[in-house]
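Inspection log for the structure reproduced underneath, given as structure tokens.
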Amino acid sequence: MADMSTTPLTQLDRVVIRFAGDSGDGMQLTGDRFTSDTASLGNDLSTLPNFPAEIRAPQGTLPGVSSFQVHFADHDIATPGDAPDVLVAMNPAALKANLGDLPRGATLIVNSDEFGKRNLAKVGYTSNPLEDGSLVEAGYQLHALPLTSMTVEALAPFESLTRKEKERAKNMLALGLLSWLYSRDTAGTEAFLRAKFGAAPQILEANLTALRAGHAYGETTEGFAVRYQVAPAPMPPGTYRTITGNQALALGLVAAAERAGLHLVLGSYPITPASDILHQLSALKRHGVTTLQAEDEIAAIGMALGASFGGALGVTTTSGPGLALKSETIGLAVSTELPLVIVDIQRGGPSTGLPTKTEQSDLLQAMYGRNGESPVPVVAAKSPTDCFDAAIEAARIATAFRTPVILLSDGYLGNGSEPWSVPTVADLPDLRVSFASEANDLDGEGRPVFHPFKRDPDTLARPWAVPGTPGLEHRIGGIEKADVTGHISYDPANHDRMVRLRQAKVDRVAATIPPLEVDDPSGEARVLVLGWGSTYGPIAAATRLVRATGGHVARAHLRHLNPFPADLGEVLRRYDRVVLPEMNLGQLAMLLRARYLVDVQSHTAVRGLPFTAAELAQVIHEHLLALAPEEVSV
Amino acid sequence: MTIQLGLPTRGTDGVPTVPDGTSLTKKDFTSDQEVRWCPGCGDYAVLAAVQGFLPELGLRRENIVFVSGIGCSSRFPYYLDTYGMHSIHGRAPAIATGLATAREDLSVWVVTGDGDALSIGGNHLIHAMRRNVNLTILLFNNKIYGLTKGQYSPTSNVGAVTKSTPAGSVDHPFNPVSLALGAEATFVARTMDSDRAHLTEVLRAAAAHRGTALVEIYQNCPIFNDGAFELLKDRDQAEARIAHLRAGEPVRVGSGDAAQVVVRDTTGRLAVVPVGEVTDEQQVIVHDPSDPDPSQAFALSRLDDATMQHMPMGIFREVTRATYDDAVRAQVDEAVERAGEGVSLDALLRGKDTWTVDGTRPGEVEQTLEGEVTEGPTAAAGDALVQEADEVRPE
């Protein structure tokens, strides 16, 4: 789009914008498009979609507010931003629900058309905040614009469209205006609209017109004193795309299967916020991916396990309530010692909890949520793009050790997006596996025989002998098996041995994982901030803040929750204090205290939202202060 | 539009067979494990019949898999020298679905009981049948929980006095055949543990059927429900009660003077009447298991009640419908074929919207830190520089 603007341009290093509206207003799409156009500009970015569980909550109400926050910068950033610099509010509910998060001085772009008496009353406004001066008094830069009527007016030539249809394009008008304000090119969005509405030329033209009208309004209005520019961020050379955690995880599974030379079979049952992985993989049949939408969570993992028995990479994807239902089958996979990847995109619990909000409260369920001594390796992704690598790592452990592996992500990672330096398949880890093909032992009379539970001396993995292999016919199951032969055994000593062998096998995974990486640039830190999963971004940003004020703090992040890296105990003991933020009530802290007898300091919150960097920086400051009051300036 | 998928038609199509001129024997299918059912258990007879029948299929032993759930009958796989999985309670149909879909070259069998299949695993059973996965399901029905020592099951009669129903069961039982027909199973049959010839005949048809074949096998539990099917085992009683379902033949019960026939009465219901009372031959029900409409098969299944006065045995339904596993594989195969050489995982990872960074560039603006409290974007950072409109492009 040609730029005719003469408004002065201000250079910014980073901006946080939150688009908020009714759940039918298309705010997620608007945010997605702004993100895409921002990515192609070369900014680093991070996003946080936040939407209600209801598909269309009652219009104009607080529970119906859907928002999308995007943080973009000319440098490396780690979070979607603590607080918006700009709030785009499409109705009174969106204003009211989000205003509390806005710092003084923030810019408000509000659709004044929606601020009629009825809509104001719906959310308890007794006077119109756009007119009563309260917002300006509070220090906000208010731009009250009639976005709906501007859209309808711009679309006046479209006689075949109803008023309602025209109004629906108001999100594109808002996007056009924001694109002008932040110097984004809308070519990507125009191409996107062409692909989406190619079959409906009227709708396509209407959307394009609204988008351009928003941009043109910015160029001609004198309402905005400055517009802004955020330069590209320096990033390592490579090919980049933006990707959400769930997309990355799905691609990671496909890549893992390819690198393992295995057929990927997903058994899944729809559940928020994991369903996107099922959708993604269902569309990848041309890559040989089989997806089975099962009748329930139990059948979903059963199908995956059946496929694994048949020599495929069996995977099931779910969220917390589904993981609870899968427990017994995970136990069967522990007993049969078959590879299986169980993906849990965690959400707020217990029970149905907060389906669209994030939490890290399934860790103990993943670790221990089964009957009997039932050890399962657990790995966690730390960022949206890391979901790709975490999926490959889960598949590596599952196939190499013939074990179910639980991969933990969460709603924040699953739906959040960031730029991804796209890897080359040939550079990914080699996960090739070999199936058993011949006898592996001798029977009592010295004749060759196949023993399904004769283990690899290094990994303790048992052979993966798939049906169709002549001479290796055998039976597996959930009843305790005799060591080596795999026959049913109720022998007390054998059971004790098998329980310990299964634990030892999982413990041996630790020998194949790298030492814990500790970020301690000054080498003078006495406080270590440890994290796992999606707290990675907030912790990284918080430690930067603390270091900027002269504080010394070290940071480490766990990919492997079971087994832990071999040097974890040593790392923990190296510091005077270990601080562990978690979006649960201290689940990892409890594990670490029990395992290493280290007095881990837990910081917890379960609000359904990620930590803010400022909050964690404050927590770290308090710990620094407690250790050395004289050295710390807060 | 009907998509011609060119799918296989026999249950064992695609499963490798033994080399020409060779054959396996019952012994080849007998594992070295000691069979541990109670003396007199009906399971022994079924095991012997299955071991005796499997060589007839001519399949390679290593391409046969038995998957079971939990219960007495679910120990079955241990006694067969094939591949097998003794899984968890009720879930065998789900596990078998995954296996059968992933592996076209396997003959997959499910062994289950009335508690396993119809109570805890009811959901998986009905969904396997509606999907029509290529499986043969042997449902051992002894109308009791045996392994947990004698509680009533979902097929126990109302009034059944068991350990958990000392005052008699108040649960209305399932009729497994009616249930299977309701779930639109494409093959539904009923047979008896002690009738080796009939059992084998039904197994033969079930194995040949492509899709889910549900075979209900009445099976005696000598410990907790002995004699449950005695009325059908006693030669004279059986003669008077069992209606052997044979394709193309009238449905009859008994013989000689006591011969009865199943007719559709004036209300449209099925009734069993003495042959001599039939006034209109048109009313006599001629069995047609291939009828796409399952309603007559369902009506026949309702002739059975707790008194076992009339007991249809044999194949109720045998129709052709695309199987789930074939259709799933066909979709994948077709997509792979259409993509041809053009499919590239690297291209998939890149997606449609990429940009390239070929060097690092210094940031031009002093950085603010995430979480730092600032007062809006104008105060955020940097010098306000007035520029001519100058679009920033990625390198």
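All values below come from the heavy atoms of this structure, side chains included, with hydrogens, waters and symmetry mates left out. Below, chains carry the letters A, B, ... as their sequence lines are ordered, and counting in each starts from 1. What you are looking at is a predicted structure, and each value in this text was computed from that prediction instead of being measured.
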Chain A contact via B/Val332 - which portion, at a heavy-atom distance below 4.5 Å: both

At a 4.5 Å cut-off on heavy atoms, which part of B/Thr82 comes close to chain A: side chain, backbone, both, or neither? backbone

Are A/Pro423 and A/Leu428 side-chain neighbours, meaning at least one heavy-atom pair lies under 4.5 Å? yes

Which atoms of A/Leu284 are under 4.5 Å from chain B, going by heavy atoms: the side chain, the backbone, both sets, or neither? side chain

So for B/Arg91, is it side chain, backbone, both, or neither that comes closer than 4.5 Å to the heavy atoms of chain A? side chain

Is B/Gln331 close to A/Thr291 at the side-chain level, that is, under 4.5 Å between some pair of heavy atoms? no

Any idea how B/Trp109 and B/Phe66 line up, ring-wise: parallel (<30°), tilted (30 to 60°), or perpendicular (>60°)? parallel

Chain B interface, residue from A/Arg544, A/His487, A/Glu473 that has the most non-hydrogen pairs under 4.5 Å: A/Glu473

Go through the steps for B/Leu345 and A/Val254 under the test side-chain contact (heavy atoms from CB on, under 4.5 Å), then give the verdict. CA-CA 8 Å; B/Leu345 185 51; A/Val254 179; 3.7 Å; yes

If you count heavy-atom pairs under 4.5 Å with chain B, which of A/His71, A/Glu615, A/His263 comes out on top? A/His71

Side-chain contact, heavy-atom cut-off 4.5 Å: A/Leu251 with A/Trp420? yes

For the pair B/Asp325 (side chain) and B/Asn134 (backbone), establish whether a donor and an acceptor sit closer than 3.5 Å, ignoring hydrogens and angles. yes

Turns out that what part of A/Pro84 lies under 4.5 Å from chain B's heavy atoms comes down to neither

Which atoms of A/Tyr140 approach chain B - backbone, side chain, both or neither, heavy atom under 4.5 Å: neither

Per-residue contact mode, B/Leu106 against chain A (heavy atom under 4.5 angstrom): side chain

Top residue by heavy-atom pair count (under 4.5 Å) with chain A, among B/Met85, B/Arg338, B/Lys352, B/Arg60? B/Met85

Where along residues 70-77 of chain B does a heavy atom come under 4.5 Å of chain A, listed by residue number? B/Arg75, B/Pro77

Turns out that what part of A/Glu258 lies under 4.5 Å from chain B's heavy atoms comes down to side chain

Taking the side chain as every heavy atom from C-beta outward, state whether B/Asn132 and B/Tyr324 have any atom pair closer than 4.5 Å. no

Sort A/Ala78 into side chain, backbone, both or neither according to what part of it lies under 4.5 angstrom from a heavy atom of chain B. both

If the condition is side-chain contact (heavy atoms from CB on, under 4.5 Å), which residues does A/Ala307 pass it with, not counting sequence neighbours? A/Val265, A/Ala312, B/Ala102

Parallel, tilted or perpendicular, as decided by the 30° and 60° cut-offs, for the rings of B/Trp355 and A/Tyr240: parallel

Select, from A/Thr469, A/Val422, A/Thr336, the one with the greatest count of heavy-atom pairs under 4.5 Å involving chain B. A/Thr469

Close side-chain approach of A/Tyr228 to A/Val230, heavy-atom, < 4.5 Å: no

Flag side-chain contact, heavy atom, 4.5 Å: A/Ile301 against A/Leu332: no

If you tally heavy-atom pairs under 4.5 Å between each of B/Leu349, B/Val343, B/Ile64, B/Thr354 and chain A, the highest tally belongs to B/Leu349

Part of A/Ala255 within contact of chain B (heavy atom distance under 4.5 Å): both

Salt bridge (charged side-chain N to carboxylate O under 4.0 Å, His left out) partners of residues 299-308 of chain A, not counting sequence neighbours, each pair once: none

If you count heavy-atom pairs within less than 4.5 Å of chain A, which of B/Asn63, B/Val15, B/Leu99 leads? B/Leu99

Between the side chains of A/Asp44 and A/His75, is a donor N or O closer than 3.5 angstrom to an acceptor N or O? no

Once salt bridge (charged side-chain N to carboxylate O under 4.0 Å, His left out) is applied, what residue pairs with a partner in residues 288-311 of chain A remain, sequence neighbours excluded? A/Glu295-B/Arg131, A/Glu297-A/Lys326

For chain B, which candidate among A/Gly302, A/Ala426, A/Ala73, A/Pro467 shows the most heavy-atom pairs at distances under 4.5 Å? A/Pro467

Most contacts with chain A, counted as non-hydrogen pairs under 4.5 angstrom, among B/Asn123, B/Val67, B/Ile126: B/Asn123

Please determine whether a side-chain nitrogen of the Lys or Arg among A/Arg475 and B/Asp81 lies less than 4.0 Å from a carboxylate oxygen of the Asp or Glu. yes

Side chain / backbone / both / neither for A/Thr329 at chain B, heavy atoms under 4.5 Å: both

Which one wins on heavy-atom pair count under 4.5 Å against chain B: A/Gly188, A/Gly310, A/Ala613? A/Gly310

Is it the side chain or the backbone of A/Thr242 that comes within 4.5 Å of chain B heavy atoms, both, or neither? both

With side chains defined as the heavy atoms from C-beta onward, is the minimum distance between A/Arg286 and B/Leu348 less than 4.5 Å? yes

Distance only, no hydrogens: is a donor on one side chain within 3.5 Å (strictly under) of an acceptor on the other, for B/Asp346 and B/Ser344? no

Find the one option among A/Thr239, A/Val466, A/Val425 whose heavy-atom pairs under 4.5 Å with chain B are most numerous. A/Val425

Between B/Asp32 and chain A, which part of the residue has a heavy atom less than 4.5 Å away: side chain, backbone, both or neither? side chain

Check whether any side-chain heavy atom of A/Leu305 lies under 4.5 Å from a side-chain heavy atom of A/Leu338, and answer yes or no. yes

When B/His127, B/His124, B/His89, B/Arg350 are compared by non-hydrogen pairs under 4.5 Å with chain A, the top option: B/His124

